[in-house]
**Q** 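Sharing a structure here in structure tokens format.
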Amino acid sequence: MAKVALVTGGTRGIGAAISRALKEAGHTVVASYAGNDEAAAKFKAETGIPVYKWDVGDYDACAAGIAAVEAENGPVDILVNNAGITKDGFFHKMSKDQWSAVIRTNLDSLFNMTRPVIEGMRARNFGRIIVISSINGQKGQMGQVNYSAAKAGDIGFVKALAQENANKGITVNAITPGYIGTDMVAAMPEEALKRVVAGIPVGRLGKPEEIAQMVVFLASDHGAFATGATFAVNGGQYMA
Ligand SMILES: NC(=O)c1ccc[n+]([C@@H]2O[C@H](COP(=O)([O-])OP(=O)(O)OC[C@H]3O[C@@H](n4cnc5c(N)ncnc54)[C@H](OP(=O)(O)O)[C@@H]3O)[C@@H](O)[C@H]2O)c1
């Protein structure tokens with residue numbers, strides 16, 4: 001059934017593909033972003049999907065942003081916690097700012113975004129919460145202690161929240177993408193990227209659309225029995 005879906009970081013990369021796919025599946029979709037107004041305006045013009053700007057690391061901004069989204073579109077039934085960043089570097093050289101920025105954006109955001117919508121979902125006996133974690137939260141990745149810790153935290157969040165809300169028609173799941181061809185991966189040094197692709201049995205980077213269709217399934221009525229789970233979409237790079 002058609003629902004209202006909010007996709008954080010839904011204007012670029014994997015999030016943009018998720019926004020488009022949920023719209024194609026018939027849902028009313030809104031997308032949030034952090035600061036890239038140009039990309040957001042282009043995305044809005046191409047898709048007709050409304051965009052909202054706030055920082056998912058800021059609880060008050062999330063509460064205000066969600067209130068505006070709900071006033072204009074109706075209660076959020078499907079929340080896709082997708083927004084994320086990297087601030088890579090070896091741990092012995094990592095600054096507190098590199099650590100905090102990643103934990104704040106990739107992990108605190110789950111509290112900030114989910115807390116304002118969960119009571120409404122419980123009252124309506126329906127909800128779909130989908131978190132875009134990462135392969136590197138499962139296997140760990142050198143140079144990404146901050147990111148790996150945040151993304152592993154995402155998985156614990158999903159398992160606990162799923163248990164609390166399973167009897168309220170709410171499912172909570174994580175997707176752990178492998179390396180997907182977006183700006184985030186394009187920012188990697190070329191040699192490092194070549195080494196990564198060589199280690200992917202499927203022999204290529206993933207496409208944002210390949211993550212998006214997993215989201216569409218989990219958001220659908222067919223996804224009702226899947227909860228507290230972690231769905232790997234990584235080309236066979238890591239089999240947990
Ligand atoms: N690409 C991969 O290979 C890969 C693999 C595994 C997991 N992931 C995860 O998948 C998610 C999406 O990654 P991506 O590659 O699509 O990233 P991306 O291309 O860099 O896009 C990131 C999106 O998140 C938004 N965002 C970043 N910080 C934010 C903040 N503080 N508040 C609100 N929005 C914020 C950005 O907004 P602006 O446009 O305004 O900057 C943008 O829309 C992330 O959680 C990432 O960790 C990616």
**Q** According to a 4.5 Å side-chain heavy-atom criterion applied to Ile, Leu, Val, Met, Phe, Trp and Tyr, with indirect links allowed, do L6 and M214 form part of one hydrophobic cluster?
**A**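 The answer is no; the residues belong to distinct hydrophobic clusters.
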**Q** Is the shortest heavy-atom distance from the side chain of V145 to the side chain of W99 under 4.5 Å?
**A**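 Yes, side chains in contact.
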**Q** For the atom pair CZ (F111) and SG (C62), what is the distance rounded to the nearest 0.5 Å?
**A**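 Here the rounded value is 10.5 Å.
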**Q** Measure across I66 and W54 and return the closest heavy-atom pair with its distance rounded to 0.1 Å.
**A**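 That would be N-CH2, 4.0 Å.
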**Q** Do Q141 and K139 have side-chain atoms, one donor and one acceptor, less than 3.5 Å apart?
**A**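 Per modelled atom types, Q141 and K139 side chains form a pair under 3.5 Å.
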**Q** Check whether V215 and V7 end up in the same hydrophobic cluster, where Ile, Leu, Val, Met, Phe, Trp and Tyr are linked by side-chain heavy atoms less than 4.5 Å apart.
**A**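 Yes.
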**Q** Treating Ile, Leu, Val, Met, Phe, Trp and Tyr as nodes and any side-chain heavy-atom pair under 4.5 angstrom as an edge, say whether V216 and I14 lie in one connected cluster.
**A**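 Yes, it is one cluster - the side chains of V216 and I14 are joined through contacts under 4.5 Å.
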**Q** Can any side-chain N or O of S109 pair as donor or acceptor with the backbone N or O of G57 at less than 3.5 Å?
**A**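 Side chain of S109 to backbone of G57, a donor-acceptor pair under 3.5 Å: no, none is there.
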**Q** Sub-3.5 Å donor-acceptor pair from the side chain of N82 to the main-chain atoms of G9, do we have one?
**A**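 The answer is yes, because a donor-acceptor pair under 3.5 Å joins these two groups.
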**Q** Tell me, please, whether Y147 has K87 positioned over its six-membered ring: NZ or CZ under 6.0 Å from the ring centre and within 45 degrees of its axis?
**A**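 No cation-pi geometry.
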**Q** Between atom CG of N173 and atom CD1 of I155, what is the distance when rounded to the nearest 0.5 Å?
**A**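 It is 11.5 Å, given to the nearest 0.5 Å.
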**Q** Working to the nearest 0.5 angstrom, can you tell me the gap between I175 CD1 and I135 CD1?
**A**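 Spacing of CD1 (I175) from CD1 (I135) equals 14.0 Å.
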**Q** Would the distance check show the side chain of Q213 and the main-chain N or O of E210 forming a donor-acceptor pair, the cut-off being under 3.5 Å?
**A**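 Absent.
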**Q** Please answer: with hydrophobic residues joined when any side-chain heavy atoms are less than 4.5 Å apart, are Y238 and I180 in the same cluster?
**A**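 Per the 4.5 Å side-chain linkage, Y238 and I180 are not co-clustered.
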**Q** Taking the side chain as everything from C-beta on, heavy atoms only, tell me whether F217 gets closer than 4.5 Å to H222.
**A**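 Touching, per the 4.5 Å side-chain cut-off.
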**Q** If you draw a 6.0 Å radius around NZ in K44, do more than 12 non-hydrogen atoms from other residues or ligands fall strictly inside?
**A**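 It does not: K44 NZ has 12 such atoms or fewer within range.
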**Q** Is any side-chain heavy atom of M142 closer than 4.5 Å to a side-chain heavy atom of F91?
**A**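 No; the side chains remain at least 4.5 Å from each other.
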**Q** Are the side chains of V56 and N112 in touch, meaning some heavy atoms are under 4.5 Å apart?
**A**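 Not in contact.
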**Q** Quick one: do E119 and R115 make a salt bridge, cutoff under 4.0 Å?
**A**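 A salt bridge links E119 with R115.
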**Q** Distance check, rounded to the nearest 0.5 Å: L107 atom CG versus N146 atom CG?
**A**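 So the CG of L107 and the CG of N146 are separated by 11.5 Å.
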**Q** Is the backbone N or O of S220 less than 3.5 Å from a side-chain atom of R128, with the two atoms forming a donor-acceptor pair by type?
**A**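 At least one qualifying donor-acceptor pair exists.
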**Q** What's the shortest heavy-atom distance between A31 and T11, and which atoms?
**A**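 Distance-wise, the nearest heavy atoms are CB-CG2, 4.1 Å.
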**Q** I'd like to know if the side chain of K151 and the backbone of I132 have a donor-acceptor N/O pair within less than 3.5 Å.
**A**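 Judged by distance alone, yes, a pair lies under 3.5 Å.
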**Q** Walk me through it: do V158 and D154 pass the test side chain to side chain contact (heavy atoms under 4.5 Å, CB included)?
**A** CA-CA 6 Å; V158 157; D154 290 354; 5.6 Å; no
**Q** How far apart are the C-alpha atoms of L205 and L193, what are their side-chain angles, what is the distance that settles it, and do they pass the side chain to side chain contact (heavy atoms under 4.5 Å, CB included) test?
**A** CA-CA 10 Å; L205 294 176; L193 190 54; 4.2 Å; yes
**Q** Between I130 and L79, is the side chain to side chain contact (heavy atoms under 4.5 Å, CB included) condition met? List the steps.
**A** CA-CA 6 Å; I130 299 152; L79 172 65; over 6 Å; no
**Q** Considering non-hydrogen atoms only, spot the tightest contact between P201 and G235 and give its length.
**A**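 Answer, listing the atom of P201 first, then G235: CD-O, 3.4 Å.
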**Q** Could you tell me which non-hydrogen atom of I49 sits nearest to which non-hydrogen atom of V29, and how far apart they are?
**A**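 Where I49 meets V29 most closely, the heavy atoms are CG2-O, 3.4 Å.
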**Q** Is there a donor-acceptor pair under 3.5 Å between the side chain of T105 and the backbone N or O of I85?
**A**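 Not a single qualifying donor-acceptor pair exists.
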**Q** May I ask you to decide if L22's main-chain N or O and H27's side chain share a donor-acceptor pair within less than 3.5 Å?
**A**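 Not a single qualifying donor-acceptor pair exists.
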**Q** Take atom CD of E46 as the centre, draw a 6.0 Å sphere, and report whether it contains more than 12 heavy atoms from other residues, nucleotides or ligands.
**A**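 It does: E46 CD has more than 12 such atoms within range.
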**Q** Applying side chain to side chain donor-acceptor pair (under 3.5 Å), name anything that partners R195, two or more places apart in sequence or on another chain.
**A**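 In terms of side chain to side chain donor-acceptor pair (under 3.5 Å), with neighbours along the sequence ignored, R195 is linked to no residue.
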**Q** Begin from the C-alpha positions of I129 and T114 and carry the test side chain to side chain contact (heavy atoms under 4.5 Å, CB included) through to its verdict.
**A** CA-CA 8 Å; I129 296 164; T114 311; 3.7 Å; yes
**Q** Can you list every side chain to side chain donor-acceptor pair (under 3.5 Å) pair that touches residues 55-79, not counting sequence neighbours?
**A**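 Counting only pairs at least two positions apart or across chains, the side chain to side chain donor-acceptor pair (under 3.5 Å) contacts touching residues 55-79 are Y52-E72, Y52-N73, D55-R104.
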**Q** What's the separation between atom CG in L161 and atom CD1 in I170, rounded to the nearest 0.5 Å?
**A**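 Nearest 0.5 Å value for the CG-CD1 distance: 7.5 Å.
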**Q** Among residues at least two apart in sequence or on other chains, which ones pass side chain to side chain donor-acceptor pair (under 3.5 Å) with T176?
**A**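 So T176 forms a side chain to side chain donor-acceptor pair (under 3.5 Å) with Q138.
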**Q** Taking T227 for its side chain and V172 for its backbone only, find out whether a donor-acceptor pair lies under 3.5 Å.
**A**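 Pair found, side chain donor or acceptor close to backbone of V172.
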**Q** Tell me the closest heavy-atom pair linking P177 and S133, and the distance in Å.
**A**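 Answer, listing the atom of P177 first, then S133: CD-O, 3.4 Å.
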**Q** Of the non-hydrogen atoms in M239 and G236, which two are nearest, and what is the gap between them?
**A**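 Looking at all heavy atoms of both residues, the shortest contact is CE-O, 3.5 Å.
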**Q** Would you say M121 and F157 are hydrophobically clustered, going by side-chain heavy atoms of ILVMFWY under 4.5 Å?
**A**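 Yes: a chain of side-chain contacts under 4.5 Å links M121 to F157.
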**Q** Can you tell me how far CD of Q237 sits from OH of Y179, rounded to the nearest 0.5 angstrom?
**A**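 Y179 atom OH to Q237 atom CD measures 6.0 Å (nearest 0.5 Å).
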**Q** Main chain of A39, side chain of N36: is a donor-acceptor contact present, judged purely on distance under 3.5 Å?
**A**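 Yes, N36 side chain to A39 backbone: donor-acceptor pair under 3.5 Å.
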**Q** Check whether any side-chain N or O of N136 sits under 3.5 Å from a backbone N or O of S148 as a donor-acceptor pair, and report yes or no.
**A**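 It does not hold such a pair.
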**Q** Please tell me if the side chains of T28 and K3 come closer than 4.5 Å, counting only heavy atoms from C-beta onward.
**A**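 Not in contact.
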